[in-house]
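Shown next, in structure tokens, is the structure this report addresses.
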Amino acid sequence: MSDREHMAWPTYREEVRAGGPAAGDTVLGLSLRTTLPELRSIPVTDLPGVGPRIAAALNDLGVTSLADLVSHYPSRHEDLSNVKKISDLRVGEKATVVGRVVNVRGVGRPVRGRTPGLSVQLYDGTGYIPATVWGRGWLLTQLVPDTCVVVSGEVQSKYGIQISAKSIEVVEDAETLGENAHAGRFVPVYPVNKGINARRMRTLVRRALDEAGHVLDPLPAEILARHHLPNLQDAICEIHFPADREHLKSATRRLVFHELFLIQTGLAARKARLEKTESGRSHRGDGHLLNPFLKGLSFGLTGAQERVIGEVLEGMRLKRPMRRLLQGDVGSGKTVVAVAALLSAVESGGQGAIMAPTEVLAEQHYISISASLKDLPVNVVLLTGSQSTQERRVALEKVKGGEAHIVVGTHALIQRGVEFDDLSLVVVDEQHRFGVGQRTVFKEKGATPDTLVMTATPIPRTLSLTLYGDLEVSVLDELPPGRKPVETRMIEVAEREEAYETIRAELEAGRQAYAICPLVEESEALEDVRAAEELYGELAEEIFPDRRVGLLHGRMKAVEKREVMAAFRAREIEVLVATVVVEVGVDVPNASAIVIEGAERFGLSQLHQLRGRVCRGLHPPKCFLVGDPKTDDSRERLEALCEHQDGFRLSEVDLRIRGEGTLFGSRQSGMPDLKVAKLLRDIEVLVEARRAAFELVASDPTLRKPQHRPLRREVKELLGADVEWLFRE
Ligand code: ADP
Ligand code: MG
């Protein structure tokens with residue numbers, strides 16, 4: 001098709017501009033200029049042609065309002081824009097022909113009186129060609145001679161040249177082809193279901209676009225200009241019915257930008273608001289605790305640790321509450337950073353708390369932090385859910401009375417009844433194991449304490465900017481010296497003996513090992529215990545009868561867990577059979593091998609965490625993934641693990657395999673679903689949108705300026721009622 005021919009058809013966009021159907025009176029009586037929030041309040045059932053049956057089918061697709069319908073974006077487009085004259089057709093090409101019907105007949109055996117296929121003879125002034133199409137037999141009576149039709153399909157040579165057509169559409173004439181939603185263009189293909197077919201969906205979306213009229217753009221014009229973005233109205237029309245590939249691309253970019261910009265504006269506003277508050281404490285430690293602690297370490301800090309400790313202390317020095325995310329791969333030494341921050345809080349006369357996701361980890365922190373501070377006048381107290389009433393009462397009193405300087409605990413820390421004397425810093429370890437909701441709970445207790453949130457699940461930068469874009473971020477991007485990569489291998493169940501041989505050698509060299517039981521669904525927790533006991537029996541009695549084997553699972557009493565961990569730490573247990581209770585944080589540097597049973601059942605980041613248990617010593621560690629990956633995804637996960645050591649790299653692989661929906665769309669993330677943006681693909685747009693959003697909020701923190709009002713409304717709508725407070729002055 002030549003450009004000139006193409007230009008002859010108005011694009012949908014041009015139609016709208018020219019006062020075509022979209023700008024005329026609308027059936028629903030909408031004013032010519034609408035906004036997306038307005039469209040959200042109009043149910044799809046108001047649209048002509050949407051009865052109860054269609055409405056139900058749409059509802060299943062998550063489409064209930066007019067806004068949903070116009071933002072039910074196509075999953076792809078069919079390129080039917082290669083329009084050709086009949087005389088120019090070549091065998092083998094896919095083409096679209098506009099012509100008049102010369103004659104038509106049904107083909108195939110009629111089903112319930114209706115012919116399944118059509119054979120249409122077409123003429124377009126340059127020649128004749130027959131076209132066969134299936135599934136549109138009901139058009140038979142409509143296609144009287146001289147009807148103008150558009151046919152798309154492959155040109156074949158079968159008893160002479162013919163078109164094996166995938167679609168046939170009746171149009172008024174060649175000039176109005178541009179108005180047809182189904183032919184001669186980039187035709188949108190939508191996610192559909194049984195109750196609604198692709199063609200109907202297209203018609204409805206088209207109708208909704210017509211009804212919507214001119215959708216006002218909440219993004220300020222100067223931002224559009226600066227980032228070379230089409231306006232919202234054009235972008236929405238073009239993502240459905242693009243004039244060509246270029247328009248589709250720019251429409252998509254605009255909508256990706258839009259989506260990310262709104263989120264970033266919300267985050268920027270939240271950050272701006274927090275930065276304005278002066279309700280935090282300014283920590284000005286004199287180093288009388290921190291310096292001896294650092295000096296007493298058996299190792300020198302890595303450059304990254306030094307830098308990050310500096311960043312954290314600087315953040316704590318400011319009057320505004322610190323909200324910082326510390327990302328560091330498994331084994332990068334986050335605990336030291338946490339302790340440094342806690343000591344700085346204590347030096348300034350406050351209390352510090354550190355919260356861990358499991359009791360095993362809380363206990364471990366308690367033991368190691370107490371030990372590293374034993375020569376200093378610092379009181380460390382443990383608070384967990386499984387303490388006896390008596391223990392707990394004593395601990396609570398110390399916390400309340402201020403006698404406890406550092407409180408280590410689990411969720412029990414944020415339960416009612418825990419009162420602090422003067423809590424000024426909260427460290428949340430392994431934050432990804434907590435729900436996001438808990439991120440803010442501490443705020444309610446006393447003046448706003450500083451928060452340091454630590455995570456070893458390295459999220460790709462794109463994701464962290466989006467999920468935690470309102471937090472300051474510090475990154476430990478360096479492992480302590482001497483760390484050896486964990487030699488990781490995938491083995492089948494039958495090859496287990498090999499893994500055990502390796503472990504035997506490690507044990508003989510005085511080192512220790514973990515054997516991790518297959519993951520069992522939560523609902524089968526008892527099964528979990530059984531599987532653990534079984535594996536324990538096998539290892540203790542058959543494989544390593546001469547070695548000390550221990551067992552640790554989630555159903556054990558806290559005291560028992562404590563004893564087992566203590567014994568493992570003291571090397572009294574050489575092989576620890578465990579469930580995922582050791583997944584995070586457990587730190588026994590002498591352990592140098594890990595066997596993970598049923599590895600295909602674990603998630604990638606979980607496996608990386610588990611493997612992290614043996615990356616802490618100086619001996620080349622080994623990891624065996626025992627399993628039988630049945631799906632491509634699980635095989636890919638295990639292979640990625642064998643190939644890469646870097647958690648950031650793995651998290652990107654993970655994101656790619658799992659798709660982004662699971663990570664981001666979950667309500668738990670507290671973020672809206674992304675409809676068009678793909679975080680891995682759209683990093684550049686994200687960075688652009690983020691910068692633009694933060695600049696805008698810097699110039700107008702509460703979006704009060706008249707030209708920012710529509711934006712403010714959209715952001716509020718998008719992020720939900722709980723951001724109401726964001727824009728309060
Ligand atoms: P994670 O970041 O996974 O929480 P940890 O804080 O548990 O890591 O540290 C892992 C291990 O590395 C611990 O045994 C810790 O004592 C040790 N470690 C931390 N920092 C250093 C360092 N700079 N040099 C050597 N070993 C270190
Ligand atoms: Mg840790």
Side-chain angles (χ1 to χ4, degrees), residues 271 273-297 301 304-328 333-356 365 369-370 372-373 376-381 383 398-409 413-414 418-429 431 439-455 468 470-476:
K271 193 156 178 234
R273 194 177 151 79
L274 281 169
E275 283 173 2
K276 238 178 38 190
T277 53
E278 295 266 295
S279 63
R281 176 200 289 253
S282 169
H283 291 98
R284 296 178 179 278
D286 58 5
H288 76 273
L289 300 173
L290 183 56
N291 293 336
F293 163 72
L294 293 177
K295 224 171 266 146
L297 290 174
L301 295 178
Q305 281 170 324
E306 246 171 71
R307 188 194 71 237
V308 168
I309 289 176
E311 288 167 9
V312 172
L313 296 189
E314 180 53 36
M316 291 176 66
R317 208 164 287 141
L318 300 178
K319 184 86 184 83
R320 64 168 198 250
M322 176 179 79
R323 287 158 51 81
R324 181 173 298 269
L325 174 72
L326 170 56
Q327 285 185 279
K334 293 182 290 296
T335 318
V336 174
V337 177
V339 176
L342 291 165
L343 288 177
S344 169
V346 178
E347 281 179 6
S348 317
Q351 285 173 303
I354 175 166
M355 186 163 87
H365 277 329
I369 294 174
S370 311
S372 64
L373 302 180
L376 296 172
V378 179
N379 241 324
V380 186
V381 163
L383 200 60
K398 287 187 182 163
V399 175
K400 187 176 179 183
E403 202 182 316
H405 300 114
I406 294 178
V407 189
V408 183
L413 266 185
I414 52 171
V418 183
E419 275 175 66
F420 287 84
D421 175 42
D422 183 14
L423 180 63
S424 75
L425 171 75
V426 176
V427 180
V428 182
D429 195 12
Q431 118 91 21
R439 207 154 96 181
T440 48
V441 168
F442 280 104
K443 271 226 302 275
E444 292 155 22
K445 299 194 180 288
T448 315
D450 287 348
T451 14
L452 176 65
V453 163
M454 310 202 294
T455 178
Y468 305 109
D470 57 331
L471 307 186
E472 286 144 318
V473 179
S474 289
V475 184
L476 275 181

- Hey, could you give me the CG/NZ distance between Leu290 and Lys295, rounded to the nearest 0.5 Å? 10.5 Å
- Query: Under the side chain to side chain contact (heavy atoms under 4.5 Å, CB included) test, which residues partner Glu403, sequence neighbours left out?
  - Reply: Asn379, Lys398
- Item | Chi angles and distances behind the side chain to side chain contact (heavy atoms under 4.5 Å, CB included) call for Glu419, Val399 | CA-CA 7 Å; Glu419 275 175 66; Val399 175; over 6 Å; no
- Item | Sidechain-backbone polar pair: Ser348 side chain, Arg284 backbone, donor-acceptor under 3.5 Å | yes
- Task: Evaluate the criterion side chain to side chain contact (heavy atoms under 4.5 Å, CB included) for residue pair Leu373 and Leu289; output intermediate values, then yes/no.
- Result: CA-CA 9 Å; Leu373 302 180; Leu289 300 173; over 6 Å; no
- Query: Going through the checks in order, is the side chain to side chain contact (heavy atoms under 4.5 Å, CB included) test met by Phe293 and Ile369?
  - Reply: CA-CA 10 Å; Phe293 163 72; Ile369 294 174; over 6 Å; no
- Spacing of OG1 belonging to Thr335 relative to CE belonging to Met454, to within rounding of 0.5 Å: 5.5 Å
- Task: Return yes if some donor-acceptor pair links the side-chain N/O of Gln305 with the main-chain N/O of Gly333 below 3.5 Å, else return no.
- Result: yes
- Item | Minimum-distance pair of heavy atoms, taken over all atoms of Lys400 and Asp421 | O-CB, 3.2 Å
- Item | Stepwise side chain to side chain contact (heavy atoms under 4.5 Å, CB included) test for Arg281 and Asp450 | CA-CA 8 Å; Arg281 176 200 289 253; Asp450 287 348; 5.9 Å; no
- Sequence neighbours excluded, which residues qualify as side chain to side chain contact (heavy atoms under 4.5 Å, CB included) partners of Val312? Val308, Met316, Met322, Arg324, Val337, Ala341, Leu452
- Heavy-atom pair with the smallest gap, counting every atom of Asp422 and Gly349: OD2-O, 3.6 Å
- Query: CG/Leu476 to CD1/Ile309 distance, rounded to the nearest 0.5 angstrom?
  - Reply: 8.5 Å
- Message: Ignoring hydrogens, what is the shortest heavy-atom contact between Val473 and Gln327? Give both atom names and the distance.
- Response: CG1-OE1, 3.8 Å
- Item | Distance-minimising heavy-atom pair for Ala340 and Leu313 | O-CD2, 4.2 Å
- On a heavy-atom basis, the closest approach of Leu425 and Pro449 is N-CB, 4.0 Å
- Item | Sidechain-backbone polar pair: Arg307 side chain, Val475 backbone, donor-acceptor under 3.5 Å | yes
- Note on the structure: Heavy atoms of Leu413 and Ala353 approach each other most closely as CD1-CB, 4.2 Å
- Does Glu314 have any salt bridge (charged side-chain N to carboxylate O under 4.0 Å, His left out) partners at least two apart in sequence or in another chain, and if so, which? Arg317
- Message: Rounded to the nearest 0.5 Å, what separates atom CD in Glu306 from atom CD in Glu311?
- Response: 12.0 Å
- Query: How many angstroms lie between NE2 in His365 and CD1 in Ile406, if you round to the nearest 0.5 Å?
  - Reply: 12.0 Å
